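What follows is a short report on a single structure.
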Number of protein chains: 2
Amino acid sequence: MKGLEYVLLAGLWVEPRSGYDLAHWFQRAAHYYWAAHHSSIYPTLAGLEQAGLVTHQLVPSEQGPKRKVYRLTETGKDTLQMWISQPPQPPEVRDEQPVKVLAIDLLSPEEGIRHLEAAKSRAQEQRDMYSALLLQLSAEEDDRPQRQWLGPRLNLMRGIQIQEGYVRWCDEAIALLQASTPRLEAREK
Amino acid sequence: MKGLEYVLLAGLWVEPRSGYDLAHWFQRAAHYYWAAHHSSIYPTLAGLEQAGLVTHQLVPSEQGPKRKVYRLTETGKDTLQMWISQPPQPPEVRDEQPVKVLAIDLLSPEEGIRHLEAAKSRAQEQRDMYSALLLQLSAEEDDRPQRQWLGPRLNLMRGIQIQEGYVRWCDEAIALLQASTPRLEAREK
DNA sequence: CGGCGCATGTAACGGGTTACATGATTCC
DNA sequence: GGAATCATGTAACCCGTTACATGCGCCG
């Protein structure tokens with residue numbers, strides 16, 4: 001079994017969802033640790049169903065066509081549990097931003113700082129998004145306290161922490177760039 | 001042009017390197033923001049050379065066959081600069097670890113804590129590796145102070161910070177797991 | 001003289017992205 | 001009636017990984 005299959009099992013373990021829901025989940029809460037488009041999600045869900053790891057139920061949507069809401073079967077849960085027990089593969093990342101930082105000396109200090117400010121803004125936006133999701137989760141937790149929301153909560157906490165770290169790093173980097181060009185401060189005055 | 005091509009240009013901007021060097025760089029310093037295997041690096045370098053963005057020089061190695069040490073051409077530098085000036089694409093990540101955390105309630109608290117301790121150890125190892133690389137970089141900086149090592153330095157700082165954040169999160173997560181099972185503490189006494 | 005680290009390459013295969021395709025419902 | 005969001009799917013193509021392949025030079 002390939003990576004995405006287990007990831008979908010984990011996503012469905014948190015709560016039953018449709019392919020559409022999962023696609024949105026990847027774009028928002030899960031974005032900092034996994035990426036997937038709907039065009040890979042739908043076929044994979046179909047495969048999992050054929051393998052007997054998930055089943056779906058047609059649920060009328062408030063708007064648009066009927067939703068195929070998937071949930072884990074017992075076998076699916078067992079498969080997931082076995083996978084969880086094994087150590088994770090090392091993460092794979094493709095992030096252009098640090099690559100661009102590598103050659104930041106190709107930009108003027110002013111431009112470099114502008115880019116870092118932009119990166120900082122993006123990080124703050126992301127942080128706010130994760131914070132909002134965490135608040136939302138807490139509200140849902142009150143409604144159904146029996147549910148195990150520990151995993152999603154831990155991951156949202158991590159998402160917030162990552163973005164806050166990024167913001168701090170941006171500030172340090174900007175400070176370093178400014179220090180390397182004291183004429184900037186002088187001109188400011 | 002595709003992502004890897006620009007990344008190689010950036011890697012060669014930092015200093016002239018062989019494909020072998022670049023492969024190792026991806027495994028170590030660049031590992032937290034970009035992944036690439038030698039089998040994709042060599043053909044890509046050849047393509048960049050054909051496009052006139054890099055040139056190579058055969059340099060005898062201390063051990064093994066001659067090294068093809070690549071460096072940017074003027075066109076290569078210009079191409080890189082143009083790419084740097086544009087905003088980066090959003091990062092793409094595949095990290096199994098947070099996915100496994102999602103369903104951490106499928107494990108016993110003891111097992112969950114063991115997994116988090118393991119994750120913490122891995123993060124500490126990585127942090128130490130980045131710290132060592134930063135020290136090494138500082139030493140080289142003394143030798144050739146004219147060189148612009150700002151980019152690599154900033155990225156190593158970021159690597160260290162990421163891993164330290166991870167360690168802190170692991171501690172928080174372990175604490176939460178322990179809090180959710182007070183019987184553990186009780187048994188400890 | 002075998003094994004390991006250095007060093008560069010090629011080819012098949014697989015998985016995901018981009019683009020194509022369809023249809024329901026609501027709001028303006 | 002057109003636009004936007006909801007909702008599910010298919011197919012071609014591209015890129016990168018896995019595996020295959022080769023050869024140097026040192027050390028034990």
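Naming: A, B, ... by sequence-line order, numbering from 1 per chain. A quick note: this is a predicted structure, and the numbers were derived from the prediction, not measured.
Atom pair A:His37:NE2 and C:dT17:P shows a separation of 4 Å (rounding to whole Å applied). If you measure from atom CH2 of A:Trp34 to atom C1' of C:dG15, you get 11 Å, rounded to the nearest angstrom. One atom, CG of B:Leu48, and another, P of C:dT8, lie 15 Å apart when rounded to the nearest Å. Atom-to-atom, CG of B:Leu8 to C1' of C:dT8 comes out at 15 Å; the value is rounded to the nearest Å. Distance, B:Leu58 CG to C:dT8 P: 9 Å, rounded to whole Å. Atom OH in B:Tyr20 sits about 10 Å away from atom C1' in C:dC4, given to the nearest Å. B:Gln57 has its CD atom 14 Å from the P atom of C:dT8, to the nearest Å. Summarising the geometry, the separation between CG on A:Leu45 and P on C:dG16 is reported as 13 Å, rounded to the nearest angstrom.
Closest approach of B:Leu9 to B:Leu53, counting heavy atoms only: CD2-CB, 4.2 Å.
A cation-pi contact links A:Lys100 to B:Trp83, judged by a cut-off of 6.0 Å to the six-membered ring centre and 45° from its axis.
In this model, no donor atom of one side chain and acceptor atom of the other lie less than 3.5 Å apart for A:Glu164 and A:Tyr130. A donor and an acceptor atom, one from each side chain of B:Arg158 and B:Gln161, are located under 3.5 Å apart.
Scanning for side-chain hydrogen bond (donor to acceptor under 3.5 Å, both in side chains) contacts around A:Gln163 gives an empty result, with sequence neighbours left out.
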Between the protein and nucleotides 25-28 of chain D, list every N/O to N/O distance that falls short of 3.5 Å.
none

Could you go through nucleotides 9-11 of chain D and list every protein N or O atom that sits under 3.5 Å from one of its N or O atoms, giving the distance for each pair?
| unit_1 | atom_1 | unit_2 | atom_2 | d |
| --- | --- | --- | --- | --- |
| D:dG9 | OP1 | A:Lys68 | NZ | 2.5 |
| D:dG9 | O6 | A:His38 | NE2 | 2.9 |

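Under the 3.5 Å distance criterion, the side-chain polar atoms of B:Asp21 are matched with a main-chain donor or acceptor of B:Ser18.
Side-chain atoms of B:Asp95 and A:Tyr32, non-hydrogen and from C-beta on, never get closer than 4.5 Å to each other.
Mapping B:Arg94 and B:Ser18 onto DNA chain C via the closest heavy atom, the residue that lands nearer the 5' end is B:Ser18.
To the nearest 0.5 Å, the span separating CD1 on B:Ile162 from OH on B:Tyr33 amounts to 10.5 Å.
Ring orientation note: the planes of B:Tyr20 and B:His24 are tilted relative to one another, at an angle of 30° to 60°.
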